[in-house]
Number of protein chains: 2
Amino acid sequence: MAAKGGGAQGKRPRRQAGSVPSMQQGSERALSIERIVATAVELLDAEGVDGLTMRRLADRLGAGAMSLYWHVDNKEEVFDLALDSVLEYRGPQGGETADWRGAIFHMLEDWRAGMLRHPWSASLLPRRALGPNILSRLELLGRILYGAGVAEADLNGAIWSLWNYVIGATITRANFDLSDADMAAAQQRLAHLSEKYPTIERARLLLDNDWDGAFRKGLDFLLDGLVPK
Amino acid sequence: MAAKGGGAQGKRPRRQAGSVPSMQQGSERALSIERIVATAVELLDAEGVDGLTMRRLADRLGAGAMSLYWHVDNKEEVFDLALDSVLEYRGPQGGETADWRGAIFHMLEDWRAGMLRHPWSASLLPRRALGPNILSRLELLGRILYGAGVAEADLNGAIWSLWNYVIGATITRANFDLSDADMAAAQQRLAHLSEKYPTIERARLLLDNDWDGAFRKGLDFLLDGLVPK
DNA sequence: ACCTGAACACCGTTCAAGT
DNA sequence: ACCTGAACACCGTTCAAGT
């Protein structure tokens, strides 16, 4: 329900990173956090948020339904881990680039693209824990903005403004993606109500929008305001 | 799951608007869409999204669990109706004000405030149907922007940019609201990781932010860009 | 250390039935 | 026209038990 704190700090002893599985070739069969998380992502991609069920996840892993609970505290933790696993950033980490604007665009567009590849992720992000990969992105953002001349007192405001924009844009876009047909139907229904909604009906608000272009344009405007020349 | 289209167009005959209840004083007891929606909002306010259950809702209404299904197709419709009921705008509807900036600020801040009063609503909005109250707000927004000089070709982009910003800001804020304690704990944990996240640790990103101020500032920047001088 | 089945207290929704 | 209980096919999670 509520947003929760940092990384995965287990209460129970978990599998050591370096330990060799007892079966020599059977690393496919043994349960592990890594396999659980990867399979959860597959399941979420295929079936959406409501499709992720502890029972179905276990099934897909060829395990008994309750086996998951040795590796994981509860379903929420599965969500947290799946989410963060999808948000890793392998990009230039430099905070001292001359091209701060390019660096911000690169990271934020990569972020958005990653979430659109996993359409369940954007809606989940603001409600869930801030995992290490998200924190790294925020840290990078802060570093770039600071390097670009944003005053320390304005840093949090600037970071959150960009976060808000990216989150909002991506959640909206992801849900439109999921339901092109629905939006077309809605626009059609709008036509019958054109006395009530003439402006958005005429603009065909629910159809054919250039989401990527609009995203970049809004981001430009925001950065113009947030970063002093 | 997917965003769906316009208003509540029932397939089944619903209670007529003007019909008089057969019990003279007993309008409290009879089930009706209005009572169902109002009670659903109460329940959501009290227990959150996961707290809304068809069975519990019926209980609160003093009805049998299955009685709801005569008035409503399914749980999703309850969500749609509850959501839209919370988003009504009683404000200046004029699209030809001289003070377009003030009109936009008023509507958007009212929108945000309404959603913060019902913290479950913001996360729900982008995933659910576009009810009549939301469409009215979008229509008003379009009318004001057009009146302020936004070209017809840029109208959709401008509307969605503002939508994205409001949605993102409110969802984030609502979830921080729900979990002050969690965020404080997270910030404390960040302190232990200050080698990994020095910038946001020092800025105390997870603490004490001026959300209202940041919202207005970002909105100003966006409008500066979206509306030609 | 790792996995399991049975069991509990829930869900949303269908259906056939009541008034 | 409006409401109902029984029943179905699911949930997440606890617990005591297996290897």
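These figures come from a predicted structure and were not determined experimentally. Values reported hereafter were calculated over all heavy atoms of this structure, with side chains retained and with hydrogens, waters and symmetry mates removed. Residue numbers start from 1 in every chain, and the chains themselves are labelled A, B, ... in the order their sequence lines are given, proteins ahead of strands.
In terms of phosphate contacts, A:R56 brings a side-chain nitrogen or oxygen within less than 4.0 Å of OP1 or OP2 of D:dC11. Contact between the side-chain N/O atoms of A:H71 and the OP1/OP2 oxygens of C:dC3 is found at a separation under 4.0 Å.
With sequence neighbours excluded, the residues satisfying salt bridge (Lys or Arg N to Asp or Glu O under 4.0 Å) with A:R202 are B:E152. Scored by the side-chain hydrogen bond (donor to acceptor under 3.5 Å, both in side chains) test, B:S123 finds no partners at all (sequence neighbours excluded).
In this structure, A:E47 places its CD atom 11 Å from P of D:dC11, rounding to the nearest Å.
Nucleic acid contact for A:S67: base, since at least one base atom lies under 4.0 Å from a heavy atom of the residue.
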Could you run down the sub-3.5 Å N/O contacts of the protein with nucleotides 17-19 of chain D?
none

Polar atom pairs between nucleotides 13-16 of chain D and protein, under 3.5 Å, N or O only, would you list them?
from, atom 1, to, atom 2, distance (Å)
D:dT13, OP2, A:Y69, OH, 2.8
D:dT13, OP2, A:K75, N, 3.0

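Legend: salt bridge (Lys or Arg N to Asp or Glu O under 4.0 Å) pairs involving residues 106-125 of chain A, not counting sequence neighbours, sorted by first then second residue: A:E109-A:R216, A:D110-A:R137, A:R112-A:D212.
Heavy-atom contacts from other residues, nucleotides or ligands closer than 6.0 Å to CD of A:E88 number more than 12.
The existence of a salt bridge linking B:K196 and B:E201 is excluded, since no basic side-chain nitrogen approaches an acidic carboxylate oxygen closer than 4.0 Å.
Pairs of Watson-Crick or G-U wobble type, with distances under 3.5 Å, assemble into runs of 3 or more in DNA chain D at these ranges: C:4-8 with D:12-16, C:12-16 with D:4-8.
Although no hydrogens or angles enter the test, the distance criterion places no donor-acceptor pair under 3.5 Å between the side chain of B:W111 and the main chain of B:I134.
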